[in-house]
Amino acid sequence: MDNYFTSRLHHELRETVRDFAEREVRPRIAEMEASRTVHHELSRMIAEQGWLGATISPEYGGMGAGHLAKTIIIEELSRVSGAMGAMVQASQLGTAKIVHFGSDEQRKTWLPAIAAGECLPTIAVTEPDAGGHVLGMSASAVRDGDDYVLNGSKVYVGNSHVGDLHGVVVRTGPGSKGLSAFLVESDRPGFRTGPQQTAMGLHGFSFGELIFENCRVPAANRLGDEGDGLSVAYSSSVLYGRANLTAVSLGIHQAILEETTRFASERIRYGKPLHDLPTVKLKLGQMQSRLMTARLAAYHAVHLLDQGLSCDAELMNAKLVNVESALDSGRNAMEIHAAAGLFTDRAIERYLRDAHHIFAPAGTSDIQLLRLAEVALGQDKGSWSERLSELVRTPEPEPLPV
């Protein structure tokens, strides 16, 4: 399967990222788990590798390597640390809005900085009361001369406490045409982050609250036209969010299988390795099957995205399959580990906690199923991947820097 979708350059990229993750990320995991707060130094170090520029054109200093390369980067980081994989995937969401909706000046200003690791971008859509109901948002931007004045708050923003540039979707008018998007620098007066709250997993990653209190933003910071906010929110979620979270789940799933097969080989029962027990071997076989199917769904979806082909349904399915299969394999892994899996000296409990964090963003499994049902019934509302295909297509990937 790897050889079908990937090239030699993709394999070299995988080895480069894996080596970095083992050398630089794994030694810091204990610190991140103990502190349960965002790890600024490691986030910056990863950004400096240039991997945030996977889908940025070489014209702006990016890799121009496409979505499959981006998936491999996130997958390999997540195999070691779901938190750092989540950091990169959230940055990619912030990148998407500029790639697709940024003006020439915005692209020239921000994309080279992101590609060089000098700027960590975010996207902020969800609100405390509206949740995933985008049209229910109430945070606002009011035009005042050459500026807009923003008020309100956003929650569950990936990279909230380490981000430099926040892509914020707010209300500028009524209805679905009344949403607009803005780039807000983290040092702008009237902007602040809420206290970072500890969470079940993804320790080292931040997904917190952004607060705007009469935050004045130049009209030049608006992404696209007034009324483009809904497109900014949906395209980032559909084209990048589902694919990116799929990659995080895939990396965690790989780690779950590796950790469990290692445990089953080292643990001796009745004079033989634990994996010789038929019930254990059966569970390992189920985990291997799930992982193979999940990777196939993930790579196929982003391969279509790289080719500029319609793939909304494939991206939905990839997110659904990968999230659910990682959680199912996590449960099998805990059954095999039994009491040994409950202690923090083993990574398996961390993988299971981290896997649960990928369930809700970009749509829960129920949402993916509802949308897939609409596809089956012929009731889907068009293809975001087709609408933006000219901006995401990379039929001939540039050589991947390693």
Side-chain angles (χ1 to χ4, degrees), residues 6-29 31-32 38-96 98-99 107 109-123 158-165 186 202-206 240 243-248 250-252 254-255 298 302 306 354 394 397-402:
T6 60
S7 67
R8 175 184 59 83
L9 295 171
H10 287 109
H11 289 290
E12 291 175 357
L13 177 64
R14 183 187 299 279
E15 290 302 316
T16 298
V17 180
R18 179 170 292 197
D19 175 71
F20 176 91
E22 292 291 348
R23 179 168 33 87
E24 300 291 349
V25 179
R26 195 176 294 279
R28 292 173 166 86
I29 288 175
E31 175 189 345
M32 290 190 287
V38 62
H39 200 295
H40 291 270
E41 176 192 2
L42 187 54
S43 298
R44 296 291 173 183
M45 186 184 301
I46 291 172
E48 290 167 1
Q49 306 309 304
W51 296 327
L52 303 189
T55 58
I56 295 176
S57 167
E59 176 186 358
Y60 300 107
M63 295 170 62
H67 291 269
L68 179 53
K70 177 195 65 179
T71 292
I72 290 170
I73 291 168
I74 297 171
E75 175 190 355
E76 286 300 326
L77 288 170
S78 300
R79 173 184 165 270
V80 173
S81 168
M84 291 301 104
M87 187 281 293
V88 172
Q89 81 82 21
S91 298
Q92 291 287 352
L93 294 180
T95 299
I98 303 173
V99 169
R107 292 180 184 181
T109 299
W110 295 111
L111 292 182
I114 293 169
E118 298 166 356
C119 172
L120 285 175
T122 80
I123 189 161
N159 284 340
S160 54
H161 286 67
V162 73
D164 303 299
L165 183 70
S186 60
L202 295 185
H203 301 149
F205 174 62
S206 62
Y240 281 71
N244 294 357
L245 293 160
T246 291
V248 177
L250 183 58
I252 293 173
Q254 180 69 48
V302 292
D306 275 334
D354 289 352
T394 52
E398 294 288 327
L400 304 174
V402 295

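If you're wondering where the values come from, they're calculated on a predicted model, not measured in any experiment. Here, residue 1 is the first one in the sequence, and each next residue gets the next number.
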Test salt bridge (charged side-chain N to carboxylate O under 4.0 Å, His left out) on Glu59 and Arg107; report intermediate values, then the result. CA-CA 10 Å; Glu59 176 186 358; Arg107 292 180 184 181; over 6 Å; no
Taking only Lys NZ, Arg NE, NH1 and NH2, and the carboxylate oxygens of Asp or Glu, determine whether Glu22 and Arg79 approach each other closer than 4.0 Å. yes
Is there side-chain contact between Met45 and Met84, with heavy atoms separated by less than 4.5 Å? no
Do the non-hydrogen side-chain atoms of Ile74 and Val17 ever get within less than 4.5 Å of each other? no
Would you say the side chain of His39 lies within less than 4.5 Å of the side chain of Phe205, judging by non-hydrogen atoms? no
Return the minimal non-hydrogen interatomic distance between Ser81 and Val25, and the atom names on each side. CB-CG1, 3.6 Å
Step-by-step side chain to side chain donor-acceptor pair (under 3.5 Å) determination, Thr55 to His67: CA-CA 6 Å; Thr55 58; His67 291 269; 5.4 Å; no
Side chain to side chain donor-acceptor pair (under 3.5 Å) for Ser43 and His40? Distances and angles first, verdict last. CA-CA 5 Å; Ser43 298; His40 291 270; over 6 Å; no
Arg8/Glu12 under salt bridge (charged side-chain N to carboxylate O under 4.0 Å, His left out): CA gap, chis, key distance, verdict: CA-CA 6 Å; Arg8 175 184 59 83; Glu12 291 175 357; 2.5 Å; yes
Please determine whether side chain to side chain donor-acceptor pair (under 3.5 Å) holds for the pair Asn159 and Ser91, giving the CA-CA distance in whole Å, both sets of side-chain angles, and the decisive distance to 0.1 Å. CA-CA 7 Å; Asn159 284 340; Ser91 298; 2.9 Å; yes
Before accepting this row, confirm whether a basic side-chain N of the pair Lys70/Asp306 lies closer than 4.0 Å to the acidic partner's carboxylate O. no
When rounded to the nearest 0.5 angstrom, what distance separates CD1 in Ile252 from CG in Leu202? 6.5 Å
